[in-house]
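Worksheet: one structure, shown below.
Both ligands and their constituent atoms are indexed starting at 1 by order of listing. Since we're looking at a predicted model, the values are computed, not measured.
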Amino acid sequence: MLIQIKDTCNPNQFEKIVEQVKKSGYKTTSVKTFNCHYLVCVGSKEIDIRSIGNLAGIKDIHIVDDSNILVSRQWRVKDTVIDLGDDVVISRDNFTIAAGPCAIENEEQVIKTVNFLNEQNVKIMRGGIFKPRSSPYSFRGLGIEGLQIFSKHCRANGIKVVSEVMQVSQIESMYPYVDIFQVGTRNAQNFNLLDELGKIDKPVLLKRGMSSTLNEFLASAEYIFSSGNEKIILCERGIRSFEKEFRNTLDLNAIPYLKDKSHLPVFCDPSHGVGIREYVEPMALASQMAGADGVLLEIHETPERAASDGQQTLNYYEANNAFKKLRMMEEMKRRM
Ligand code: PEP
Ligand code: MN
């Protein structure tokens, strides 16, 4: 059960609500986000809503039987819309393309990518500056200095920045330069990191853990929400399976499921999901048809020279084709 508390609720009134809910055998957690005050009530007993319904300070009561309560669509029927400012809005009505290199490599690369995205009217650029690499000897990113360059050119061109944060201590230094914090698959269950990202007022793009079930994925999002941040984008990026032909197996089932279960926007990252350049465009289109609100794509002027993930990165010609098709499909979906 989820209780929305009125802004005008005073501590005495709140205490009475908590007391009454606890009497019914429920465990309560008070959650204050940048948007609203909630009382999350977990328990299995039948509750007579009339016993709490007319207590002062309650705005609304929702019966939610999903285990991930705050991110559930059972109480928030409408999709969450994330407004990044400057007319960049993430919503169902407005298919989002976010693209950029796997890793920020140098200033020239940033300028070229920003120019390309500008020409293509793409408003969100991705790029890692802290890179989680399987080998410690691989390129591990330019760090904050790289992010400053990345952000400078994006800001000058009205492009929003999404970049991965790998640990709690990086949040503060990244904060002035990013518009969306990305949580990578390897950190999808780093609960301390999720808690801390719940305390900030910038959106979080949460990748699915490569071995997370969908329920665990939603539980990771629930961590962020219950720590105070409602601006979460779920991103399917493939899971580990027995299949060896691909880096990961993109779980397209996840997209309609997540859209159904949760009010949060859902993106798809087919670059990491398949890991092979030739299959990225078809899987991006498939995810769009499955109901994704946006895609995250790795692009590079010369993928064969990229510092990381070149094999799954589209060159500008391929990216241009993919963007065109995604937009055509979007137009078609609107008319359907
Ligand atoms: C990335 O987007 O560059 C990345 C490392 O993704 P993932 O965490 O999904 O592997
Ligand atoms: Mn990558």
Side-chain angles (χ1 to χ4, degrees), residues 96-105 109-110 113 122 124-136 138-143 146-147 150 160-167 170 174 178-190 193-194 197 203-212 214 216-217 220-221 224 232-241 246-252 254-255 258 266-277 279-280 283-284 287 292 294-315 318-319:
T96 301
I97 298 173
C102 178
I104 299 298
E105 296 163 4
Q109 175 218 30
V110 172
T113 314
V122 170
I124 305 177
M125 177 167 159
R126 60 146 292 143
I129 49 106
F130 295 121
K131 294 303 304 173
R133 303 305 301 277
S134 300
S135 162
S138 304
F139 175 64
R140 292 166 73 177
L142 295 181
L147 183 58
F150 179 12
K160 304 293 171 187
V161 168
V162 55
S163 197
E164 178 170 351
V165 57
M166 283 176 57
Q167 52 178 316
Q170 293 163 348
M174 289 177 74
V178 295
D179 299 295
I180 303 173
F181 281 93
Q182 177 174 321
V183 175
T185 190
R186 294 158 188 83
N187 267 312
Q189 288 188 309
N190 179 341
L193 181 62
L194 302 178
L197 290 167
V204 178
L205 183 138
L206 175 67
K207 298 268 196 111
R208 178 180 181 182
M210 62 181 92
S211 57
S212 290
L214 290 169
E216 286 165 343
F217 184 19
S220 296
I224 302 172
I232 306 160
I233 304 154
L234 302 169
C235 183
E236 164 59 36
R237 53 77 67 200
I239 49 174
R240 280 280 166 95
S241 78
F246 307 99
R247 186 176 180 188
N248 292 293
T249 295
L250 185 66
D251 181 10
L252 282 180
I255 292 164
L258 293 169
V266 176
F267 275 24
C268 178
D269 169 357
S271 306
H272 292 86
V274 252
I276 299 170
R277 183 180 313 145
Y279 304 145
V280 168
M283 295 315 277
S287 74
V295 282
L296 188 69
L297 293 170
E298 286 187 335
I299 65 161
H300 196 285
E301 193 191 24
T302 46
E304 50 298 343
R305 277 193 255 137
S308 55
D309 285 352
Q311 80 292 344
Q312 65 192 30
T313 298
L314 304 180
N315 63 34
E318 292 161 335

So, for Pro101 and Met125, which heavy atoms are closest and what is the spacing to 0.1 Å? CD-CE, 4.0 Å
Look at ligand 1 and say whether Arg126 reaches it with a heavy atom at a distance under 4.0 Å. yes
Quick one: closest heavy-atom pair of Thr249 and Ser241, and the distance? OG1-OG, 2.7 Å
Does Thr185 reach ligand 1 with a nitrogen or oxygen that is under 3.5 Å from one of the ligand's nitrogen or oxygen atoms? yes
What pair of heavy atoms forms the shortest contact from Leu297 to Ala284, and how long is it? CD2-CB, 4.3 Å
When you measure from atom 4 (C) of ligand 1 to every protein heavy atom, which one gives the shortest distance, and what is it? His272 NE2, 3.4 Å
Verify the distance criterion only: is there a donor paired with an acceptor across the side chains of Asp309 and His272 at less than 3.5 Å? yes
Mind reading off the angle at the Mn ion (ligand 2) between the NE2 atom of His272 and the OD2 atom of Asp309, rounded to 10°? 90°
Closest heavy-atom pair, Ile255 versus Cys268, reported as atoms and distance to 0.1 Å, is CD1-CB, 3.9 Å
Numbering the atoms of ligand 1 from 1, which are under 4.0 Å from a heavy atom of Glu298? 3 (O)
Starting from the Mn ion (ligand 2), look over the N/O/S atoms of Glu298 and name the nearest one. OE2
Give the numbers and elements of all ligand 1 atoms closer than 4.0 Å to a heavy atom of Gly184. 8 (O)
So Val183 and Lys207, side-chain contact (heavy atoms from CB on, under 4.5 Å) or not? Walk me through it. CA-CA 6 Å; Val183 175; Lys207 298 268 196 111; 6.0 Å; no
What protein heavy atom is closest to atom 7 (P) of ligand 1, reported as residue, atom name and distance in Å? Lys207 NZ, 3.4 Å
Looking only at distances, can you tell me whether any N or O atom of Asp309, backbone or side chain, sits closer than 3.5 Å to an N or O atom of ligand 1? no
Residue pair Phe217 / Leu258: nearest heavy atoms and the distance that separates them: CE2-CD1, 3.6 Å
Suppose I only count heavy atoms of Arg237 and a 4.0 Å limit; which atoms of ligand 1 are within that range? 7 (P), 9 (O), 10 (O)
Examine Glu164 against ligand 1 and note whether any of their N/O atoms are separated by less than 3.5 Å. no
Counting each atom of ligand 1 from 1 as listed, which ones have a heavy atom of Arg186 under 4.0 Å away? 8 (O), 10 (O)
Shortest non-hydrogen contact from Arg186 to Ser134? NH2-OG, 4.3 Å
